[in-house]
Amino acid sequence: MTPEPADLAILSAVYTVDARRPWAEGVAVRDGRILAVGTADEIDGLTGPGTRKVDLRGRMVVPGFQDAHVHPPHAGLERLRCDLNDAGGPEEYARLIREYVAAHPDESWVLGGGWALDHFPGGTPHRTVLDALAPDRPAFLTNRDGHGAWVNSRALQMAGIRRDTPDPPDGRIERDVDGEPAGMLHEGAMDLVERLIPPVSADQMQRALLIAQDHLHSLGITAWQDAIVEADTLAAYRALAGDGRLTARVVAALWWERDRGQEQVEDLIQRRASVTEDRLRATSVKIMQDGIVENFTAGMLQPYLDGSGGPGERRGLSFVEPETLNQCVTRLDAEGFQVHFHAIGDRAVREALDAVEAARKVNGPNDHRHHVAHLQVVHPDDIPRFSTLGVVANCQPYWACLDAQMRELNVESLGPERVGHQYPFASFKGAGARLAFGSDWSVSTANPLHEIAVAMTRVPFDEPDVEPLVPGERLDLDACLEAFTLGSAFVNHLDDVTGSITPGKLADLAVLDSNPFAKDAEPIGGARVVLTMVNGQAVYADPKVSW
Ligand SMILES: [Zn+2]
């Protein structure tokens, strides 16, 4: 009896991320699932008169990429607002802001962001610069990593921030040499102004998400974990999932409000239960445990070094007090949530691991797949704990290099020993930890191929001559592709149906224009995605590809 023929047959180098059969010459798809992986002849044998045959030889099919930590609503909104992400420095920022203000006379606020810390001395632009560009209304522009905002005098006035206003416990109001608020708000201090901003309309939020989804699909991404989902963004996701416009598979990490305690768990349970749409789950909770090194808010075991190279006063923040963190994580774990931690400093990483350990002691082992994102400075003693505790290392590989921001704002305050403890990807792998990759877009590029290039070289993508950061922590191409597909699928609890090209799994695939494993091939950073499929349906196709 001949089996029912395939709907789609692709001939191409197929890199499966399935150890049982790493390579094939083609893949056949039926009803949105992978029917077979095999030689060109085997795939040919599964075709019939109705089969669509696509010849992509010379290219490479991989499982669709999954981004384990990304902010599509924020990134999409930035694209709709004053978008500074692609600007190269203060002059360009000024031009873009001036143009935006002129083009949007009716908007009551100037909102947007994407400026880079390393374009301003000390990472802190001044309010007077923004006053000149946007004199008539409040302006609030987040920096590229979202941990600070540049505001003008009008915004400071509206928020009542003056010379004598104390810093909030979870943030800092930057002061200038005269002691006046400089116009830069770090971490929790952003909220003093942010809470005055009118809410985003449901329609605008949905548009933002669709813009973001298009961009991610164009880079071969078929699923992601949204690292901050609040009520308005969950509503937008649900609306898009409800009518079929959400083509990606999404796990929402619900935002843990650090000024509330365990009483919010009931709300989170309700929010999780409210999601019944296909392709969307709200099964993760995001706890932000510290800030970032650049503004000394990353939680460190030892103090930051001061200007003289000796230990200073600052050790960064623990947004959730460790004992409280242990209790909250134990409770979330008992309620069946996955916890998605943000931890940058070595103390924050340890506190996150301690909290999972506390939960394990009370609740025993389970399959919630808690994960720690960012992992910039990791104390060597903590590396083996990831596999012992079953915690996934959710790495943002694009940062693992001595880029300008690292050189100017991190190296001196960390000192050489801790600079060497940064982004220990190979050490994680060597210690048996599971790796997942994510971009943190729009903090950094969402392009997995560029991120992988940095993980392989430890050199900034656009500065090839810079010395590598801890070159012993480089990963090979196989390990990187696995982290960005099966590894992130594991975090998303989607590895049973996606993450590798395996018969029976869903046909979520990406096609690269070249095969970076081929002899004499260009490195992967020079490759491009030309086709992205979810359930065997194209969600992105380069117009130049015959599809
Ligand atoms: Zn993030």
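In each ligand, atom 1 is the first atom listed, and ligand 1 is the first ligand listed. The analysis underlying the following values was restricted to heavy atoms, covering all of them including side chains, and did not include hydrogens, waters or symmetry mates.
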Can you tell which of N447, I221, T445, D67 makes a side chain to side chain contact (heavy atoms under 4.5 Å, CB included) with S439?
D67
I need the D118 CG to M406 CE distance, nearest 0.5 Å.
12.0 Å
Quick one: does Y93's side chain have a donor or acceptor within less than 3.5 Å of a partner on A116's backbone?
yes
Under the rule for side-chain hydrogen bond (donor to acceptor under 3.5 Å, both in side chains), what residues qualify as partners of D226, not counting sequence neighbours?
Y237
Given a cut-off of 2.8 Å, the protein N, O or S atoms lying below it from the Zn ion (ligand 1) are H69 NE2, H71 NE2, D440 OD1
Would you check if the distance from the ring center of W399 to the ring center of H374 is below 6.0 Å?
yes
May I ask you to check if R474 and F425 form a cation-pi contact, with NZ or CZ under 6.0 angstrom from the six-membered ring centre and within 45° of the axis?
no
